[in-house]
Amino acid sequence: MATIYELPEEANEEFLKTLGKEVEMKTFKTNVPMELNNNGATELVKIICVGDYTGGLRTKSMFVNDYLQKKPPRKSYRYTIGANFALKIIEKWQRSEEHDPIDIRLQLWEIGEQERFSQMTRVYFKHSDGALVFWGPDHPSSLGGVPKWLTDIKKACLSIPCVLITDNTGKEPRQWIGPGKIFESDLALDQFCRDHGFVNHFEITSRDWESGERSVFGQAVNCLLNAIIKM
């Protein structure tokens with residue numbers, strides 16, 4: 001009979017530290033030019049994208065790549081195993097007219113849904129500044145995974161801001177707010193967000209690669225950046 005051998009905890013910790021350094025050196029996708037003209041301040045911001053299977057686009061990679069690309073997107077992506085990484089330069093980002101514009105080097109880390117059950121999450125979450133947490137009405141049980149992801153996030157990054165995203169990108173977007181639905185009303189959704197400490201909530205009903213930062217996903221990122229830079 002086969003025996004499962006597990007490394008001692010101290011060995012696991014050393015392995016995770018080493019792997020973490022290797023992971024942080026890799027970039028999955030980038031729109032970064034070879035030379036960046038930067039006359040002002042630069043902020044490095046790391047945002048993690050997490051959540052259980054939503055039943056919508058099936059993979060959060062599509063949203064991330066639509067946000068980055070300036071050409072027609074691929075129709076599908078493979079499921080993420082471990083983590084995918086993207087880097088985007090946002091030039092002259094400005095929180096308000098009262099603040100000077102800054103350049104942001106934005107890291108987007110999409111974490112595979114199965115990683116919630118892995119010790120690797122502590123490596124992926126390390127040094128995160130914010131989180132986008134996904135769920136989808138086409139797979140209602142994914143809402144139950146939201147608090148569990150938040151628990152894992154808070155263990156690694158105690159006070160980072162989080163934004164809730166609803167992936168409602170089926171052929172016909174599902175009605176999920178109303179009597180007898182997942183949330184009885186908009187007030188119930190607002191209360192859920194307050195109870196779990198979300199900065200805001202955004203619902204994505206279709207892919208929108210042309211709008212970039214003006215897309216719903218882009219608005220969610222910008223909302224999170226506002227909360228991060230304010231800290």
Separation of [Y] [atom2] from [X] [atom1] (nearest 0.5 Å):
X	Y	atom1	atom2	result
M62	D167	CE	CG	10.0 Å
I47	L106	CD1	CG	5.0 Å
N226	W93	CG	CH2	4.5 Å
E91	D103	CD	CG	5.5 Å
H196	L150	NE2	CG	6.5 Å
L225	I104	CG	CD1	4.5 Å

I'd like to know if the side chain of [X] reaches the main chain of [Y], judged simply by a donor and an acceptor atom lying under 3.5 Å from each other, with no hydrogens or angles considered.
X	Y	value
Q219	V221	no
S211	D208	no
N200	V163	no

What are the two closest heavy atoms between [X] and [Y], and how far apart are they?
X	Y	value
S128	I48	OG-CG2, 3.3 Å
D129	P161	O-CD, 3.3 Å
I229	E43	CD1-CG, 4.3 Å
E110	K60	OE2-N, 3.5 Å
E184	P179	OE1-CA, 3.3 Å
C157	I160	CB-CG2, 3.5 Å

Ring geometry between Y67 and F217 (parallel below 30°, tilted from 30 to 60°, perpendicular above 60°):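 The rings of F217 and Y67 stand perpendicular, inter-plane angle above 60°.
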Candidate pair D152 and F125, rule side-chain contact (heavy atoms from CB on, under 4.5 Å), full reasoning: CA-CA 9 Å; D152 289 346; F125 293 171; 3.9 Å; yes
Are [X] and [Y] close enough that some pair of their side-chain heavy atoms sits under 4.5 Å apart?
X	Y	answer
Q107	V45	no
F198	F192	yes
C162	K154	yes

Name of the residue among Y53, W176, F134 meeting ring-ring contact (aromatic ring centres under 6.0 Å, His included) with H139: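 Answer to the ring-ring contact (aromatic ring centres under 6.0 Å, His included) test with H139 among Y53, W176, F134: Y53.
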Residue that, paired with E203, satisfies side-chain hydrogen bond (donor to acceptor under 3.5 Å, both in side chains) out of T166, N168, T169: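 Among T166, N168, T169, the one that satisfies the side-chain hydrogen bond (donor to acceptor under 3.5 Å, both in side chains) with E203 is N168.
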Donor-acceptor pair between T54 and W135 side chains, under 3.5 angstrom: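 Side-chain D/A pair, T54 to W135: absent.
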Option from D52, I165, V146 for which side chain to side chain contact (heavy atoms under 4.5 Å, CB included) with V133 holds: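 Answer after filtering D52, I165, V146: V146.
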